[in-house]
Amino acid sequence: MAHINFGGVTEDVVTRDEFPLSKAQQVLQHEVVAVLGYGVQGPGQSLNLRDNGINVIVGQREGTPSWDKAIADGWVPGRTLFSLEEAAEKGTIIEFLLSDAGQKAFWPTLKPFLTQGKALYFSHGFSVTYKERTGVIPPENIDVILVAPKGSGRSVRENFLNGSGINGSFAVFQDVSGKAQDKVRAMGIAVGCGYLFPTTFEKEVFSDLTGERGVLMGAIAGVMEAQYNKLRAEGHSPSEAFNETVEEATQSLYPLIGRNGMDWMFANCSTTAQRGALDWKNKFRDAVAPVFDQLYESVASGNEAQITLDRNGQPDYRVKLEEELRLIRESEMWQTGQKVRELRPENQSAKK
């Protein structure tokens, strides 16, 4: 592994230089990777594995939209597409990619297929870390590994296709075979990660749940709403409020951060914007710090996990979820966003 200094802390990182695809293919040459679930992560990871020459099959419930999507993506029933149970029986490395609530529900069915010599693969540390709540306690005679791409399933596929790869974390929970470290690295490269940094199942889920509820999704959505609502209350038009809240951020400033960092983004803005950002940054940091303390405690205590299991396990969860998403989609802010996106030059060109 490469030894890389991150802000004064040295970490071991796996890159494609010391663990190229050819090595991953060699490690996995006698394995059958069974991807259980074709929802969020399943499509991207399984398609990348297939394109990388790995022997991969998909397990999904027949008669579902995800089953139909798998067929549309080229998976063939009876050859590379099976029921969840049959795929689990055939696989030697079983990617358990059902939702967290789905993993809890399916675990009693999956356990008999976890026979000695197999490896159980997760992309989230949730089920194992919160085993008291999920009941997911892996047998002691199998390898248990984790590769967690740091992005949505769509990003995993898109980054693979454009050649950049996506970064990911990896962990080994059980190494029975003595080969789990090689397996997890090989799987990480084969599913499309550009580089991999080490973690544990617990640290992965704690950071992931905090990030999703924080700056990655929940916090940014809330802050955007607050600013948009304030601008509208002060008489600014919907388009102006949206452009100054979302459009400029996503289309101009955030890409600059991704390219070279926050300081580089500041350096490429006006002196007025720089001064204001630097003066207000600490105020926002200090204002939300107590919220992040509360959030992390809720994650570490298992409270967020229990909320997820309780809500997602309800039979009408999808209906309730769609209603919550509809309220966001049909709000003035995001209705304005739809119209603003239609005005982007690339979308105007597509109409011609």
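Below, all heavy atoms of this structure are taken into account, side chains as well, without hydrogens, waters or symmetry copies.
The backbone N or O of L98 lies less than 3.5 Å from a partner atom in the side chain of Q103, making a donor-acceptor pair. The main-chain N or O of E244 is found under 3.5 Å from a side-chain atom of Q227 such that the two form a donor-acceptor pair. Looking only at distances, a side-chain donor or acceptor of T92 sits under 3.5 Å from a matching main-chain atom of V32. Panel note: side chain T245, backbone F242; no donor-acceptor pair is recorded below 3.5 Å. The closest donor-acceptor contact from the side chain of Q174 to the backbone of P139 lies under 3.5 Å. Panel note: side chain D175, backbone K179; a donor-acceptor pair is recorded below 3.5 Å. Proximity of a side-chain donor or acceptor of K320 to a complementary backbone N or O of R311 within less than 3.5 Å is not detected. Proximity of a side-chain donor or acceptor of Q116 to a complementary backbone N or O of N141 within less than 3.5 Å is not detected. Looking only at distances, a side-chain donor or acceptor of K118 sits under 3.5 Å from a matching main-chain atom of E89. Side chain of Q306 to main chain of R133: no donor-acceptor pair is present (N/O by atom type, distance under 3.5 Å, no hydrogens or angles).
Atom CD of E323 is surrounded by more than 12 heavy atoms from other residues, nucleotides or ligands within 6.0 Å. Heavy atoms of other residues, nucleotides or ligands lying less than 6.0 angstrom from NZ of K111 number 12 at most. Atom CZ of R154 sits in a sparse spot, with 12 or fewer heavy atoms from other residues, nucleotides or ligands closer than 6.0 Å. Surrounding CD of E330 are more than 12 heavy atoms belonging to other residues, nucleotides or ligands, all under 6.0 Å away. Counting non-hydrogen atoms of other residues, nucleotides and ligands closer than 6.0 Å to CZ of R318 gives a total of 12 or fewer. For CZ of R285, the number of neighbouring non-hydrogen atoms (other residues, nucleotides, ligands) closer than 6.0 Å is greater than 12.
Judged purely by distance below 3.5 Å, without hydrogens or angles, the side chains of D73 and Y38 pair a donor atom with an acceptor atom. Side-chain contact of S164 with N162: a donor-acceptor pair under 3.5 Å is present, judged by distance alone.
Cluster membership check: V223 does not share its hydrophobic cluster with V288, using side-chain heavy-atom separations under 4.5 Å among Ile, Leu, Val, Met, Phe, Trp and Tyr. There is no path of hydrophobic side-chain contacts, each under 4.5 Å, that joins V156 to F19. Residues I220 and Y228 share a hydrophobic cluster, clusters being chains of Ile/Leu/Val/Met/Phe/Trp/Tyr side chains in contact below 4.5 Å. Both L110 and L146 sit in one connected hydrophobic cluster of ILVMFWY residues. Membership requires side-chain heavy atoms under 4.5 Å apart, directly or through other members. No continuous path of hydrophobic side-chain contacts links I142 to F113 [ILVMFWY only; heavy atoms under 4.5 Å].
When Q45, E95, Q41 are each tested for a side chain to side chain donor-acceptor pair (under 3.5 Å) with S123, only one passes: Q45.
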message: Working note: T129 + F173, criterion side chain to side chain contact (heavy atoms under 4.5 Å, CB included); need CA distance, chi angles, decisive distance, verdict.
response: CA-CA 10 Å; T129 298; F173 184 77; over 6 Å; no
message: side chain to side chain contact (heavy atoms under 4.5 Å, CB included) for V246 and M333? Distances and angles first, verdict last.
response: CA-CA 9 Å; V246 179; M333 177 176 170; 3.5 Å; yes
- request: Would you please test K150 and D208 for side chain to side chain contact (heavy atoms under 4.5 Å, CB included) and show each step?
  value: CA-CA 9 Å; K150 298 293 104 177; D208 190 71; 4.1 Å; yes
task: Test Y296 against F292 for ring-ring contact (aromatic ring centres under 6.0 Å, His included), laying out the working first.
output: CA-CA 6 Å; Y296 195 87; F292 277 99; 9.9 Å; no
message: Using the rule given for side chain to side chain contact (heavy atoms under 4.5 Å, CB included), can you reason through L36 versus L97, listing the C-alpha separation, both sets of side-chain angles and the distance that settles it, and then say yes or no?
response: CA-CA 6 Å; L36 304 189; L97 300 186; 5.9 Å; no
- request: Apply salt bridge (charged side-chain N to carboxylate O under 4.0 Å, His left out) to K230 and E234, showing your working.
  value: CA-CA 6 Å; K230 179 59 178 175; E234 296 295 337; 2.8 Å; yes
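Between V35 and V56, the shortest heavy-atom distance links the atoms CG2-CG2, 3.8 Å. For S177 against D143, the heavy-atom pair with the smallest separation is OG-OD2, 2.5 Å. Between V147 and C193, the closest heavy-atom pair is CG1-SG, 4.2 Å. Contact record, S155 with I166: CB-CD1, 4.0 Å, taken as the closest heavy-atom pair. Minimum interatomic distance between G313 and A101 (heavy atoms only, all atoms of both residues): N-CB, 4.2 Å. Of all heavy-atom pairs spanning P108 and A105, the tightest one is CD-O, 3.5 Å.
Pairs passing the salt bridge (Lys or Arg N to Asp or Glu O under 4.0 Å) check and including a residue from residues 52-68, sequence neighbours excluded, do not occur.
Taking the side chain as every heavy atom from C-beta outward, D100 and T134 never approach each other to under 4.5 Å. Two residues are said to be in side-chain contact when any heavy atoms from C-beta on lie closer than 4.5 Å; L120 and F96 meet this criterion. Contact annotation: the side chain of F201 approaches that of V144 to within less than 4.5 Å [non-hydrogen atoms, C-beta and beyond]. Contact check for I189 versus P20: no side-chain heavy atoms found under the 4.5 Å cut-off. Between R232 and E332 the shortest side-chain heavy-atom distance falls below 4.5 Å. For the pair V13/F6, a side-chain contact is recorded, criterion being any heavy-atom separation below 4.5 Å from C-beta on. You'll find the side chain of P138 reaches within 4.5 Å of the side chain of V128, heavy atoms only. Looking at heavy atoms from C-beta onward, Q251 lies out of side-chain contact with N243 at the 4.5 angstrom threshold.
The distance from atom CG of L253 to atom SG of C269, rounded to the nearest 0.5 Å, is 5.0 Å. Of the inter-residue distances, the one linking Q26 atom CD with D182 atom CG reads 9.5 Å to the nearest 0.5 angstrom. Rounding to the nearest 0.5 Å gives a distance of 8.5 Å between CG of L47 and CG of L161. Note: R213 CZ to Q294 CD = 13.0 Å, rounded to the nearest 0.5 Å. Of the inter-residue distances, the one linking I93 atom CD1 with E31 atom CD reads 4.0 Å to the nearest 0.5 angstrom. Separating the CD atom in E304 from the CZ atom in F126 is a distance of 9.5 Å, to the nearest 0.5 Å.
Through side-chain heavy atoms spaced under 4.5 Å, either directly or across other Ile, Leu, Val, Met, Phe, Trp or Tyr residues, W280 is tied to F284.
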